Amino acid sequence: MTDDLIARLVDDLRPARGSAVARRLALALGVGGVASLCGVGALLGLRPDLRWALATPMFWVKLAYTGAFAAVGALCVVRLARPAGRTGGRLAWLAAPLALIILTGAVQIAGARADQLRHLFMGDSAAICPWYIALSSAPALAGLFWALRGLAPTRLRLAGALAGLAAGGLGAAIYCLHCPEAGAPFVALWYSLGMLAPCVIGLLAGPRLLRW
Amino acid sequence: MGYPRTTDSELKALMLAALDGEATAYRALLGDLRLRLAGYFQRRLGRDPHEVEDLVQDTLIAIHSRRETFDRAEPLMPWVHAIARYKLIDHYRRTGRRAFVALDDAGADLPAPDQASAAEARRDVERALQSLPERTRALLAALKLEELSVAETAARMGMSEGAVKVAAHRGLRALAARFAPGGRRDD
């Protein structure tokens, strides 16, 4: 019987395309990102002062902060998508964006009056911002889970959580195109919370949805 | 007669060829992996042949459908082992068995067909030889084991060379029939 199986598998053999893992994951992130962009653009609207914002450093600090989470998450997912894959210490690279936002926050706090401090931390949208970021990351998370179901992760919780990290970073980066908040402490608190949500969802959903 | 042992790097070479679409290499690879996987699961599940066979098949299917997740720059056997272990844990989970599968239960654990199965194979061959008539057995032993020439065998057995060839051919066919699917190995 196993002989028959082997004969069928050999018969089914086709040449493998190169970098199949990276390409599948990139597709997921690409499609998810575009969907998220359309969603944010249509439902929340791009910030009206976007052209001005592009000339401010804080816009790029926010983009770098969220983009770094997306990049580190994606690099880790590529490895976790293979059997017995490990992050290889890449999570430690998150120290860079964390240092960036903390430093920027420290500078802002140092230069702020007492009555401005609260706004640095709470901004105008602290309550809804994490929710919007979580929603913005949903398409990418769904895409990454689709991708992983066709690959071979053996550590399902970790793979799910890292997919969440990547999706969260991407969703948050896209959200930067809408969000006018400029406080680094705000970003460190509420953007991080928003990016954490898909991470937790991925952690919980991994063992249920990523089996193969 | 020693039991042929394919090395891990030979298996990886087969895998790389298979990834490029070479069917013969793939057949050889799957045939070898099948034996190693059977040993791996037998050592952990006891010798229920159906359970082991199911897991071997599940693992081979997984290896096939996920072969593109193999990183060509890495060694092959840890990848195979990771898949086998994943399937084993899944099996435990589904059958409700609580067993601790050591993370490091790796490395030496997918060796080439081990001594036990090599000995079993030898016994199978010996038993099959016993089933042949005395003359045919002696003739095959001379030709194949002692590796005498046809002329020398004919001289020893008091037969013509032509008769030796015919008898050897028939004897080998009888042996082959015993090992074919459906052949009886145990009389």
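Please read all numbers here as calculations on a predicted model, not as lab measurements. To find a chain, count down the sequence lines: A is the first, B the second, and so on, and within it residues start at 1. Heavy-atom basis, side chains included; hydrogens, waters and symmetry copies ignored.
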For B:Pro75 and B:Phe70, which heavy atoms make the closest approach, and how far apart are they?
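In terms of heavy atoms, the two residues are closest at O-CE1, 3.5 Å.
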
Under a 4.5 Å heavy-atom cut-off, does chain A meet the side chain of B:Asp90, its backbone, both or neither?
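B:Asp90 touches chain A through side-chain heavy atoms alone.
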
B:Arg36 with B:Asp8: basic N within carboxylate O range, under 4.0 Å
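Salt bridge: yes.
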
Verify the neighbour count for atom CZ of B:Arg170: are there more than 12 heavy atoms of other residues, nucleotides or ligands below 6.0 Å?
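No, the 6.0 Å shell around CZ holds no more than 12 heavy atoms from other groups.
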
Looking at chain B, which one of A:Gly85, A:Ala152, A:Ala84 has the largest number of heavy-atom pairs inside 4.5 Å, strictly under?
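Among the listed options, the one with the most contacts to chain B is A:Ala152.
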
Mind ranking A:Leu5, A:Ile6, A:Leu9 by heavy-atom pairs under 4.5 Å with chain B and telling me who comes out on top?
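Answer, by heavy-atom pair count under 4.5 Å with chain B: A:Leu9.
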
Give, as side chain, backbone, both or neither, the part of B:Arg67 having an atom under 4.5 angstrom from any heavy atom of chain A.
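Answer is side chain: those atoms of B:Arg67 sit under 4.5 Å from chain A.
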
Could you go through the ring-ring contact (aromatic ring centres under 6.0 Å, His included) check for A:Trp212 and B:Tyr86 one step at a time?
CA-CA 10 Å; A:Trp212 48 283; B:Tyr86 175 78; 4.6 Å; yes

Which atoms of B:Glu74 approach chain A - backbone, side chain, both or neither, heavy atom under 4.5 Å
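Contact with chain A involves no heavy atom of B:Glu74 at all.
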
Taking side chain as everything from C-beta outward and backbone as N, CA, C, O, which of these in A:Arg8 sits under 4.5 Å from a heavy atom of chain B? Side chain, backbone, both or neither.
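Neither; nothing under 4.5 Å.
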
Tell me which of these, B:Glu53, B:Arg27, B:Arg34, B:Arg72, has more heavy-atom pairs under 4.5 Å with chain A than the rest.
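Ranked by contacts with chain A, first place is B:Arg34.
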
Is chain B contacted by the side chain of A:Pro207, its backbone, both, or neither, given a heavy-atom distance below 4.5 Å?
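Contact with chain B is absent: no heavy atom of A:Pro207 under 4.5 Å.
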
Considering only heavy atoms, which portion of A:Ala81 lies under 4.5 Å from any heavy atom of chain B: side chain, backbone, both, or neither?
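The backbone, not the side chain.
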
Between B:Ile63, B:Asp71, B:Leu29, the one whose heavy-atom pairs under 4.5 Å with chain A are most numerous:
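Among B:Ile63, B:Asp71, B:Leu29, the one with the most close pairs to chain A is B:Asp71.
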
Counting only non-hydrogen atoms closer than 4.5 Å, does A:Asp11 touch chain B with its backbone (N, CA, C, O), its side chain (CB onward), both, or neither?
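The answer is neither part of A:Asp11.
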
Which atom pair, heavy atoms only, marks the closest approach of A:Pro97 to A:Tyr65?
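That would be O-CD1, 3.3 Å.
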
In this structure, are over 12 heavy atoms from other groups packed under 6.0 Å from A:Arg47 atom CZ?
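Yes - once you tally the heavy atoms of other residues, nucleotides and ligands closer than 6.0 Å, there are more than 12.
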
If I measure from the heavy atoms of chain B, does A:Arg155 come under 4.5 Å with its side chain, its backbone, both, or neither?
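Neither part, no heavy atoms under 4.5 Å.
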
Does NZ or CZ of B:Lys12 come closer than 6.0 Å to the centre of the six-membered ring of B:Trp79, within 45° of the ring's axis?
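So B:Lys12 doesn't make the cation-pi contact.
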
Relative to chain B, which segment of A:Leu13 carries a heavy atom at a distance below 4.5 Å: side chain, backbone, both, or neither?
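Contact with chain B: backbone and side chain both.
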
Does the cation-pi check pass for A:Arg24 over A:Trp146, that is, NZ or CZ under 6.0 Å from the six-membered ring centre and within 45° of its axis?
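Yes - A:Arg24 lies over the ring of A:Trp146, closer than 6.0 Å to its centre and within 45° of its axis.
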
So, A:Arg149 side chain and A:Leu209 main chain: donor-acceptor pair closer than 3.5 Å or not?
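Yes; judged by distance alone, with no hydrogens or angles, the pair exists.
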
